[in-house]
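One structure is given below, encoded as structure tokens.
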Amino acid sequence: MRYKLLLALIAACASCAGRVHAYDGYFDSKGVKIHYVTAGEGEPVVLIHGWMGDSTMWGRRDASGNVQLDPSPGFEAIALDCRGHGKSGKPHDPGMYGIEMAEDVVRLLDYLKIKKAHLIGYSMGAFIAGKVAASHPERVLSVVYGGQAPILAGQSSTGSNEVKVFAKAVDEGKGLGAYILYVWPADKPKPTMEQANSIADFMVRGKDAKALALAGLSLGDLAVKPEDLSRGKAPCLFIYGEKESAYVTNSVAAARKFLVGSEVKVVPGGDHISTLVKPEFAASILAFLKAHK
């Protein structure tokens, strides 16, 4: 889904002063073109979006369709389009997702010559951030897990059959209405299959549904061993909405057992989507990064 969020984050890093990256660029990540945008100068924070989204969830589009980030002074925002999403490459090889999505983040840091960065991931982005933190703890300054938690080995990757329903609809090629009906809120009148197909067509317009399905099906490959997660010493914040699913809250509780000292913030009235635009979400992240700059 395409979320929008304007983060006002403050951090300082004298050693990074004066280093400026291209605002909008691409790099080759082991044969896949990855698109990213940057803005500002200072301590770097990598922003990792959710499934079916792209880097625009962290900012806004201008008249030309380019992403506009708006960080505060002393902070460098770096938002990437995960492979299969946005302007990045969209391979149809199942083996090119999963762990490779986490490695894209590390390769981006290498490309930009950044030794360490804060990571902020939402939903699928939280899975990716968890894999990076467990596999490359030396590259991480802090982690914010939004709307999800790292996938622990042996744990279901999403807590629902949502991705499988989407992938099945893509393979059948008869429209994605079945997916819309599956995720439709139980307290709302359901649309007809024809209406659902129209809604789905609008939702994936301009996107590669096959690539999105492959990315979603690969999320289980981002699972981490608890001992690998616990060896990372970077500060962590879990933030999610008051109306989140039991799967998310249980996953957070399970992960926090291995992340001693991690913080948690529950956003009043927020669900998986609305939490992103509530003032408490950005304010809590700001406070966390200021405390751990």
Can you pull the side chain to side chain donor-acceptor pair (under 3.5 Å) pairs that have at least one residue in residues 253-268, sequence neighbours excluded?
Arg256-Ser262, Glu263-His292

Would Ile120 and Ile285 count as a side-chain contact (heavy atoms from CB on, under 4.5 Å) here? Give the steps.
CA-CA 9 Å; Ile120 301 177; Ile285 294 176; 3.7 Å; yes

Within the side chain of [X], is there an N or O that forms a donor-acceptor pair under 3.5 Å with the backbone of [Y]?
X: Asp271; Y: Ser274; result: yes
X: His49; Y: Trp58; result: no
X: Asp24; Y: Val37; result: no
X: Ser55; Y: Ala79; result: no
X: Thr38; Y: Ile78; result: no
X: Gln148; Y: Ser123; result: no
X: Asp81; Y: Asp54; result: no
X: Ser251; Y: Tyr247; result: yes

Check step by step if side-chain contact (heavy atoms from CB on, under 4.5 Å) holds for Met96 and Leu214.
CA-CA 9 Å; Met96 298 184 75; Leu214 292 175; over 6 Å; no

Check whether [X] and [Y] end up in the same hydrophobic cluster, where Ile, Leu, Val, Met, Phe, Trp and Tyr are linked by side-chain heavy atoms less than 4.5 Å apart.
X: Leu217; Y: Val183; answer: yes
X: Leu181; Y: Ile273; answer: no
X: Val106; Y: Leu219; answer: yes
X: Tyr122; Y: Leu237; answer: yes
X: Val266; Y: Val252; answer: yes

Partner set under side-chain hydrogen bond (donor to acceptor under 3.5 Å, both in side chains) for Asp28, not counting sequence neighbours
none

State which residues pass side-chain hydrogen bond (donor to acceptor under 3.5 Å, both in side chains) with Gln195; sequence neighbours excluded, sorted by chain then number.
Thr192

Check ring-ring contact (aromatic ring centres under 6.0 Å, His included) between Phe238 and all other residues, then give those that pass, not counting sequence neighbours.
Tyr145

A side-chain contact here means heavy atoms from C-beta on lying under 4.5 Å apart; do [X] and [Y] qualify?
X: Ile199; Y: Trp184; result: yes
X: Tyr36; Y: Val46; result: no
X: Leu176; Y: Val170; result: yes
X: Val264; Y: Tyr240; result: yes
X: His272; Y: Ser245; result: no
X: Val204; Y: Met52; result: yes
X: Pro91; Y: Tyr97; result: yes
X: Val144; Y: His118; result: no

Would you mind writing out the side-chain donor-acceptor pairs for residues 226-233 within the sub-3.5 Å range, not counting sequence neighbours?
| residue | atom | partner | partner atom | Å |
| --- | --- | --- | --- | --- |
| Ser230 | OG | Pro226 | O | 3.3 |
| Ser230 | OG | Glu227 | O | 3.1 |
| Arg231 | NH2 | Ala134 | O | 3.1 |

Using 0.5 Å steps for rounding, measure from the [atom1] atom of [X] to the [atom2] atom of [Y].
X: Asn197; Y: Lys174; atom1: CG; atom2: NZ; result: 11.5 Å
X: Thr249; Y: Lys243; atom1: OG1; atom2: NZ; result: 15.0 Å
X: His85; Y: Lys87; atom1: NE2; atom2: NZ; result: 16.0 Å
X: Leu80; Y: Met101; atom1: CG; atom2: CE; result: 10.5 Å
X: Phe166; Y: Asp171; atom1: CZ; atom2: CG; result: 10.5 Å
X: Met124; Y: Ile151; atom1: CE; atom2: CD1; result: 10.5 Å

Please step through side-chain contact (heavy atoms from CB on, under 4.5 Å) for the pair Glu242 and Glu244, ending with a clear verdict.
CA-CA 6 Å; Glu242 180 184 25; Glu244 265 290 4; over 6 Å; no

Contact summary for [X] and [Y], nearest pair of heavy atoms:
X: Ala117; Y: Leu109; value: CB-CD2, 3.8 Å
X: Leu289; Y: Ser142; value: CD2-OG, 3.6 Å
X: Ile180; Y: Ala200; value: CG1-CB, 3.7 Å
X: Leu212; Y: Trp51; value: O-NE1, 2.8 Å
X: Ala129; Y: Leu119; value: O-CD1, 4.1 Å
X: Ala211; Y: Lys90; value: CB-CB, 3.7 Å

Heavy atoms of other groups near Glu194 CD, more than 12 under 6.0 Å
no

Please say whether more than 12 non-hydrogen atoms of neighbouring residues, nucleotides or ligands are located less than 6.0 Å from NZ in Lys190.
yes

Phe27 and Tyr111 aromatic ring geometry - parallel, tilted or perpendicular at 30°/60° bounds:
parallel

Take Glu162 and Tyr179, measure what side-chain hydrogen bond (donor to acceptor under 3.5 Å, both in side chains) needs, and give me the verdict at the end.
CA-CA 7 Å; Glu162 178 182 348; Tyr179 169 76; 2.6 Å; yes

Qualifying salt bridge (Lys or Arg N to Asp or Glu O under 4.0 Å) pairs with a residue from residues 101-110, counting only residues at least two apart or across chains
Arg83-Asp104, Glu100-Arg107, Asp104-Arg107, Asp110-Arg139

